[in-house]
2 protein chains.
Amino acid sequence: MMKKKISIKDIAKLTDTSITTVSFVLNGKGRISKEISKKILDVAQKNGYEPNRMAVGLRTGVSKVIGLIVESIGGPFFGEMAKVIEEEAEKGGYRIIYCSTNNNLQKGKDMIRMLSQQLVDGYIITPMKGLEKDIQNLVDNEKPVVLIDGYFPGTNIPHVLVDNFASAYNAVDCFVRSGYKNIGMVTADLGLIQLNDRSLGYKAALKDNKLKDSSKTVLKIPFDMDKNEGVEAIKAFIEKQKQMDAIFFTTNYLGTMGLQAIKDLKLSIPEDIAVISFDDNEVFSLYPPGITTIQQPTYDIAKSAIDILMAQINTHKLDASKIDLQIPSKLIERGSTLAKVSA
Amino acid sequence: MMKKKISIKDIAKLTDTSITTVSFVLNGKGRISKEISKKILDVAQKNGYEPNRMAVGLRTGVSKVIGLIVESIGGPFFGEMAKVIEEEAEKGGYRIIYCSTNNNLQKGKDMIRMLSQQLVDGYIITPMKGLEKDIQNLVDNEKPVVLIDGYFPGTNIPHVLVDNFASAYNAVDCFVRSGYKNIGMVTADLGLIQLNDRSLGYKAALKDNKLKDSSKTVLKIPFDMDKNEGVEAIKAFIEKQKQMDAIFFTTNYLGTMGLQAIKDLKLSIPEDIAVISFDDNEVFSLYPPGITTIQQPTYDIAKSAIDILMAQINTHKLDASKIDLQIPSKLIERGSTLAKVSA
DNA sequence: ATCATTTGGTAAAACGTTTTAATTGCCTAC
DNA sequence: GTAGGCAATTAAAACGTTTTACCAAATGAT
């Protein structure tokens, strides 16, 4: 059965022309007469000719593949992104090769090294601490790169992400508008700039609202803590901060851990404690009384990222080094931040 | 800056040997003396030599890439799978190129066609109606293929999936054990064999338990219905079936729609209605009182799939056509199926 | 009529590898 | 000492494209 793939050479033979002619016709390059063109196109069509990407890649140095390196595709945030990126890339004839690092630095380095074996034409990467050198190296070698969801302060690598500072600021503002005054925060210890920006936004908002900004109101979950331990830590935190009437979770997974903790403590939302979490997801919309969240504009982020990458790929001399896109988020207000009734 | 990639030819020049010698040493093939080997290895190492995958691919016809075609990587089920597959593939030096079809048949066909341009060495595909021909074609051309999450009845394509029949059967059994007798089902109209198997399991269990099996107790949500419409449909269904005291949702997304519907109707779980859903996820564990779910063994499925694929790739003559792996699921019992108290 | 230009087409090199078959020198056996 | 065998190395072909440079014939200008 195994019908051999047909090559440009076969087509040349079949149409009594030369390899060059066929290549020209197929790529619309040289000047070939209508008749011959038609004949070649017909034969190619009929035999289902598809160019051998390896050969093209070898000859041209272009793979038509872009590398997507994310922390974990499992999350609700990246799944959505991946979809958009893939869809958009496909329009330009590009495919996505996907790798996840699971926050493992060595794995990240390995992935970059592997992909750089003239395998991909560009990169979309969620940066992690320690990868600066490797990524900068790509940029220096004139490989198109776009960072999403984070960036490296002080470097010139284009990036697009949500406006973390403003988002966190707005969250606190929302609490304040509803009458909450003792606002705690739970964040993670991943060394990620985006989390840091969220912390800064939180602190700035507290300050602007003349609320107490004690380091006591902040809990940092170590990056290697598992889910159960995390829940316990949050429970302890809540019990210790008796006066706290609102909590801001800086990531989606912290938010669900927080809900578990609050449930375990048999506290009610928002009467005992109001809640806002980063990253909207199904849990938050469904969980009674509905959890107020900061919805990241995943579509916009992904779209912008791939657009910028494509622009770099297509026009070689584009200077993308100054691109710093911070996209506003949307605060989805739900029951967990209803106005406080009494004191 | 742009340092040219070093090639095997460069190494040959640098070490005063031939291209062949270098290739042999690097691949541990020919018989080359220790000294020369060492010299070559050293130079290669020092210059960070990496083989050009395109060239290797062209010459050998092996791309070291496998294609993963799924319905949507967004879902909780596939995100997890993708991770395992990627991890496992990497051990064999393979990378994953990923595409999603969004249940669009043409897109599925296109993806297969694109990937087959000698781009990938094997496929892991979640099958959809209408793709039989295209996939069978791959198999006929001796491309390794493994289907996950579904299969084509009557064809000889290896597949691995959860035991849908038994899983649904167990769900009904669980209801019965807890005293529920009027058990409805909500499923989708996607033409997927796995959903069909779940329906069969449900019906068989009803029959074995001598419960009424009326087509009235089954709701089929059309595949093109959006979320809100779906919720409304489920609400109407519940209101109409007054005597119904338990519902089985055949997929994860139907389950969350169902929760929304039940919430809207202000019914309480499990007093007014007991619930089981396919596909465990965070919502179900968190949503009070905890929703009983059928947890798919994602790890096992993914691991088996990639293992079978690798086996096919590595030993060309493996006959995988008879592989039909149905892996048991795990019923996670939570509050939504607590024993019924009275009648 | 002659030279320049355009038009339609092709030969051949190159991309970086793998692999087959050949070459050289050396050793062993008779 | 010569035929055969083995060890170490390499030349060259091939994978399927793209592209440069060239060629022949036809057209146009003088």
Side-chain angles (χ1 to χ4, degrees), chain A residues 2-41 43-44 47-65 93 114-121, chain B residues 2-41 43-44 47-65 93 114-121:
Chain A
M2 184 67 172
K3 37 191 165 185
K4 286 291 297 167
K5 282 267 172 194
I6 192 172
S7 81
I8 218 175
K9 187 147 87 183
D10 301 325
I11 298 184
K13 203 157 291 171
L14 251 38
T15 55
D16 244 337
T17 58
S18 77
I19 292 184
T20 310
T21 306
V22 176
S23 175
F24 277 167
V25 169
L26 259 24
N27 296 303
K29 286 264 169 83
R31 298 165 304 187
I32 309 292
S33 67
K34 291 280 178 217
E35 317 138 74
I36 296 202
S37 289
K38 183 167 171 2
K39 189 163 58 171
I40 289 177
L41 254 12
V43 173
N47 295 71
Y49 169 76
E50 298 275 2
N52 180 321
R53 305 258 27 132
M54 293 294 172
V56 177
L58 176 57
R59 172 63 226 227
T60 64
V62 168
S63 66
K64 287 283 184 178
V65 173
M114 296 192 103
L115 292 186
S116 69
Q117 301 169 31
Q118 20 264 317
L119 200 47
V120 304
D121 295 342
Chain B
M2 185 67 172
K3 37 191 165 187
K4 287 292 294 168
K5 282 268 171 193
I6 192 172
S7 80
I8 220 175
K9 187 148 88 185
D10 300 326
I11 297 184
K13 203 157 290 169
L14 251 37
T15 55
D16 245 335
T17 60
S18 77
I19 293 184
T20 310
T21 306
V22 177
S23 175
F24 276 168
V25 170
L26 259 24
N27 296 303
K29 286 264 170 80
R31 295 170 303 191
I32 308 292
S33 66
K34 290 278 177 218
E35 318 138 73
I36 296 203
S37 289
K38 184 168 173 357
K39 189 163 58 170
I40 289 177
L41 255 13
V43 173
N47 296 71
Y49 169 76
E50 298 276 1
N52 181 321
R53 304 260 27 133
M54 294 293 173
V56 176
L58 176 57
R59 171 64 226 230
T60 63
V62 168
S63 66
K64 288 283 184 179
V65 173
M114 297 192 102
L115 292 186
S116 69
Q117 302 169 30
Q118 18 264 318
L119 201 45
V120 304
D121 295 342

Axis-to-axis angle between the two ends of the helix from dA1(C)-dT30(D) to dC30(C)-dG1(D) (five base pairs per end, rounded to 10 degrees)
60°
For M54(A) against S63(B), the heavy-atom pair lying closest together
CE-CB, 3.2 Å
Determine yes or no for a side-chain-to-main-chain donor-acceptor pair under 3.5 angstrom, with S23(A) supplying the side chain and I19(A) the backbone.
no
So, T15(B) side chain and I11(B) main chain: donor-acceptor pair closer than 3.5 Å or not?
yes
To the nearest Å, give me how far apart NZ (K13(B)) and P (dG16(C)) are.
11 Å
If you look at every heavy atom in T21(B) and I36(B), which pair is closest and at what distance?
CG2-CG2, 4.1 Å
Please list, pair by pair, any protein nitrogen or oxygen found under 3.5 Å from a nitrogen or oxygen in nucleotides 9-12 of chain D.
residue	atom	partner	partner atom	Å
dT9(D)	OP1	S33(B)	OG	3.4
dT9(D)	OP2	S33(B)	N	2.7
dT9(D)	OP2	S33(B)	OG	3.2
dT10(D)	OP2	S18(B)	N	3.1
dT10(D)	OP2	S18(B)	OG	3.4
dT10(D)	OP2	T21(B)	OG1	2.4
dA11(D)	N7	T20(B)	OG1	3.2
dA11(D)	N6	T20(B)	OG1	2.9
dA12(D)	N6	T20(B)	OG1	3.3

Using a 4.0 Å cut-off on heavy atoms, which residues in residues 47-54 of chain B reach DNA chain D? List them by number, or say none.
none
Spatial distance of atom NZ (K38(B)) from atom OG (S33(B)) [nearest 0.5 Å]:
12.5 Å
Counting only side-chain nitrogens and oxygens, does K29(A) get under 4.0 Å of the OP1 or OP2 atom of dT18(D)?
no
Under 4.0 angstrom, heavy atoms only, what part of the nucleic acid is S23(B) near: base, sugar-phosphate, or nothing?
base
Can you name the nearest heavy-atom pair linking Y49(B) to I8(B), along with the distance?
CE1-N, 3.8 Å
CG-CG distance between L41(A) and L26(A), expressed to the nearest 0.5 angstrom
6.5 Å
What is the distance, to the nearest angstrom, from the NZ atom on K9(A) to the P atom on dT17(D)?
10 Å
Quick check: does any side chain N or O of N27(A) sit under 3.5 Å from a backbone N or O of F24(A), one acting as donor and the other as acceptor?
no
Value in whole Å for how far the C1' atom of dG9(C) lies from CD1 of I40(A):
10 Å
Could you report the tightest heavy-atom contact between V43(A) and L14(A), atom names first, then the distance?
CG1-CD2, 3.8 Å
Do side-chain atoms of T60(B) reach the backbone of V56(B) as a donor and acceptor pair under 3.5 angstrom?
yes
note: K5(B), atom NZ; dT17(C), atom C1'; distance rounded to Å ~ 15 Å
In this structure, how many angstroms lie between the P atom of dT18(D) and the CG atom of L58(A), rounded?
11 Å
What is the distance, to the nearest angstrom, from the CZ atom on R59(A) to the P atom on dT18(D)?
9 Å
Got a donor-acceptor contact below 3.5 angstrom from the D121(A) side chain to the V62(A) backbone?
no
